[in-house]
Amino acid sequence: MKLRILVVDDEKTITDLVGIYLRNEGYDVTLAYTGADAANLILTREFDLAILDVMLPDIDGFELLRTIRADHTYPVIMLTARSAPADKIEGLSLGADDYVVKPFRPLVLVARVKAQLRRYTSYGSRDEQTSRIISINGLEINPDAHSVTVDGKPVRCTPIEYSILLYLAENRGRVVPVEDLFRAVWNEEFMQGSNNTIMVHIRHLREKIGDDAQNPRFIKNIWGVGYTIEG
């Protein structure tokens, strides 16, 4: 079955161009040119990834992102001309997985789509040597089932949140430098602003697993170095 992608942008030329590139890669692509149409599609259809323009004339991309994150964990890439750090942080804070600034190269966007989908579709595909339940102080991660529970209660994570948690858990007892964590999860070189990206996702992850940043039960921040889960 083809992976399904939703592309939302009120600039028809951009939307259609992105659609062409993605369809050439074999994806099932649905296009929307207004926020209202996109909201209806989000509520009535299943997707594996969404690309959202922020500056839509009716319902902005951040509101659409909120709609997606109310019920779905599939990756979301924000596509926008707004390049200010505050805009990027807002998108990440709402649960976006990546942020691409216009103007952009279509092939770069396609590469980012592939990277997000690899992470999203590879859950549970680890080999037998690592397919074991990781249990740490009431936190359980099952790589086979791609499931997370805290004190027996299920936790629904986005692909990046899950990847961060799993990587820290697999390296429990060791302080993971932020640079190493970023490279491992995003598969990109650490750049200016990458630390903020990690911080936002860690904050969301802590909220979901009931972790207090001031008195952490699971994820500890070693200032100036990185993060650790002690096990």
Side-chain angles (χ1 to χ4, degrees), residues 1-82 87-102 104 106 109-110 112-124 145-149 153-164 200-201 203-205 207-209:
M1 180 181 293
K2 292 183 177 181
L3 294 174
R4 298 153 297 189
I5 299 177
L6 172 64
V7 182
V8 185
D9 199 311
D10 63 318
E11 296 183 61
K12 191 173 185 301
T13 302
I14 292 178
T15 312
D16 292 347
L17 180 63
V18 171
I20 290 171
Y21 272 84
L22 291 174
R23 285 174 180 139
N24 285 341
E25 295 293 328
Y27 298 118
D28 179 359
V29 182
T30 300
L31 306 180
Y33 306 103
T34 69
D37 287 345
N40 181 61
L41 289 166
I42 290 166
L43 294 173
T44 59
R45 297 192 192 180
E46 294 294 326
F47 294 101
D48 298 293
L49 182 143
I51 300 172
L52 307 177
D53 181 26
V54 172
M55 300 174 66
L56 296 167
D58 48 356
I59 304 174
D60 70 30
F62 290 148
E63 187 60 35
L64 293 175
L65 177 57
R66 291 188 185 94
T67 301
I68 291 174
R69 284 293 173 253
D71 294 298
H72 304 287
T73 59
Y74 57 75
V76 177
I77 298 175
M78 306 305 292
L79 182 63
T80 178
R82 292 163 59 170
D87 293 321
K88 183 174 183 178
I89 291 173
E90 181 177 1
L92 294 171
S93 298
L94 293 173
D97 297 278
D98 203 351
Y99 207 95
V100 176
V101 178
K102 300 176 182 177
F104 62 93
L109 177 60
V110 170
R112 290 180 177 271
V113 166
K114 289 181 177 179
Q116 292 296 333
L117 287 173
R118 275 197 302 272
R119 180 180 293 113
Y120 183 60
T121 58
S122 67
Y123 290 163
H146 173 217
S147 64
V148 177
T149 62
K153 297 180 180 179
V155 177
R156 190 175 66 178
C157 299
T158 66
I160 282 186
E161 290 165 355
Y162 177 83
S163 296
I164 290 172
V200 170
H201 285 289
R203 188 179 78 231
H204 276 289
L205 191 52
E207 291 171 357
K208 292 184 177 182
I209 62 177

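Numbers for residues simply follow the sequence, beginning at 1. What's counted below: heavy atoms across the whole structure, side chains too, no hydrogens, waters or symmetry copies.
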J.: Show every side-chain hydrogen bond (donor to acceptor under 3.5 Å, both in side chains) that has at least one partner inside residues 55-66, sequence neighbours left out.
T.: Glu63-Arg66
J.: What heavy-atom pair brings Tyr99 and Val54 nearest, and what distance separates the two atoms?
T.: OH-CG2, 4.3 Å
J.: Taking atom CD1 of Ile5 and atom CG of Leu22, what is their separation to the nearest 0.5 Å?
T.: 4.5 Å
J.: Let me check something: any side-chain donor-acceptor pairs from residues 25-33 under 3.5 Å, sequence neighbours excluded? List them with distances.
T.:
unit_1, atom_1, unit_2, atom_2, d
Glu25, OE1, Lys114, NZ, 2.9
Tyr33, OH, Asp16, OD1, 2.6

J.: For Val148 and Cys157, work out which heavy atoms get closest and say how close.
T.: CG2-SG, 4.3 Å
J.: Of all heavy-atom pairs between Leu65 and Gly91, which one has the smallest distance, and what is that distance?
T.: CD2-O, 3.5 Å
J.: Taking only residues two or more places apart in sequence or in another chain, which ones pass side chain to side chain donor-acceptor pair (under 3.5 Å) with Arg69?
T.: Asp97
J.: Could you measure the distance from the CD atom of Glu11 to the CG atom of Leu79? Nearest 0.5 Å is fine.
T.: 9.0 Å
J.: Quick test of your reading: applying ring pair (Phe, Tyr, Trp, His ring centres under 6.0 Å), list the pairs with at least one residue in residues 39-73, sequence neighbours left out, ordered by first then second residue.
T.: His72-Tyr74
J.: Rounded to the nearest 0.5 Å, what's the gap from CD1 on Ile51 to CG on Asp9? Could you check?
T.: 10.0 Å
J.: Could you tell me which residues satisfy side chain to side chain donor-acceptor pair (under 3.5 Å) with Arg23, sequence neighbours excluded, listed by chain and number?
T.: none
J.: Begin from the C-alpha positions of Asp53 and Val8 and carry the test side-chain contact (heavy atoms from CB on, under 4.5 Å) through to its verdict.
T.: CA-CA 6 Å; Asp53 181 26; Val8 185; 5.6 Å; no
J.: Which value, rounded to the nearest 0.5 Å, describes the distance between Tyr120 atom OH and Thr73 atom OG1?
T.: 5.0 Å
J.: Not counting sequence neighbours, which residues clear side chain to side chain contact (heavy atoms under 4.5 Å, CB included) with Ala115? List them please.
T.: Arg118
J.: Can you check side-chain contact (heavy atoms from CB on, under 4.5 Å) on Val76 and Met78, steps first, answer last?
T.: CA-CA 6 Å; Val76 177; Met78 306 305 292; 3.9 Å; yes
J.: If you look at every heavy atom in Gly35 and Leu56, which pair is closest and at what distance?
T.: CA-CD1, 3.9 Å
J.: Mind checking what makes side chain to side chain donor-acceptor pair (under 3.5 Å) contact with Glu207, not counting sequence neighbours?
T.: none
J.: So which atom in Pro154 and which in Thr149 form the shortest heavy-atom distance, rounded to 0.1 Å?
T.: CA-CG2, 3.9 Å
J.: Would you say the side chain of Leu49 lies within less than 4.5 Å of the side chain of Leu6, judging by non-hydrogen atoms?
T.: no
J.: Restricting to side chain to side chain contact (heavy atoms under 4.5 Å, CB included), what partner residues turn up for Thr67, sequence neighbours left out?
T.: Ile42, Leu43
J.: Give every residue pair that meets the salt bridge (Lys or Arg N to Asp or Glu O under 4.0 Å) criterion with at least one member in residues 40-51, sequence neighbours excluded.
T.: Arg4-Asp48
J.: Rounded to the nearest 0.5 Å, what's the gap from CD on Glu161 to CD1 on Ile164? Could you check?
T.: 7.5 Å
J.: List in chain and number order the residues that pass salt bridge (charged side-chain N to carboxylate O under 4.0 Å, His left out) with Arg156, two or more places apart in sequence or in another chain; answer none if no residue qualifies.
T.: none
J.: Run Ile14 and Phe104 through side-chain contact (heavy atoms from CB on, under 4.5 Å) and show every step you take.
T.: CA-CA 10 Å; Ile14 292 178; Phe104 62 93; 4.1 Å; yes
J.: Tell me every residue that passes side chain to side chain contact (heavy atoms under 4.5 Å, CB included) with Ile20, counting only those two or more places apart in sequence or in another chain.
T.: Asn24
J.: Would Thr34 and Asp10 count as a side-chain contact (heavy atoms from CB on, under 4.5 Å) if you check the C-alpha gap in whole Å, the side-chain angles of each, and the deciding distance to 0.1 Å?
T.: CA-CA 6 Å; Thr34 69; Asp10 63 318; over 6 Å; no
J.: For Leu17 and Pro106, which heavy atoms make the closest approach, and how far apart are they?
T.: CD2-CG, 4.0 Å
J.: To the nearest 0.5 Å, what is the distance between CG on Asp71 and CD1 on Ile68?
T.: 10.5 Å
J.: For Asp98, what residues pass the side chain to side chain contact (heavy atoms under 4.5 Å, CB included) criterion, not counting sequence neighbours?
T.: Ile77, Arg112, Gln116
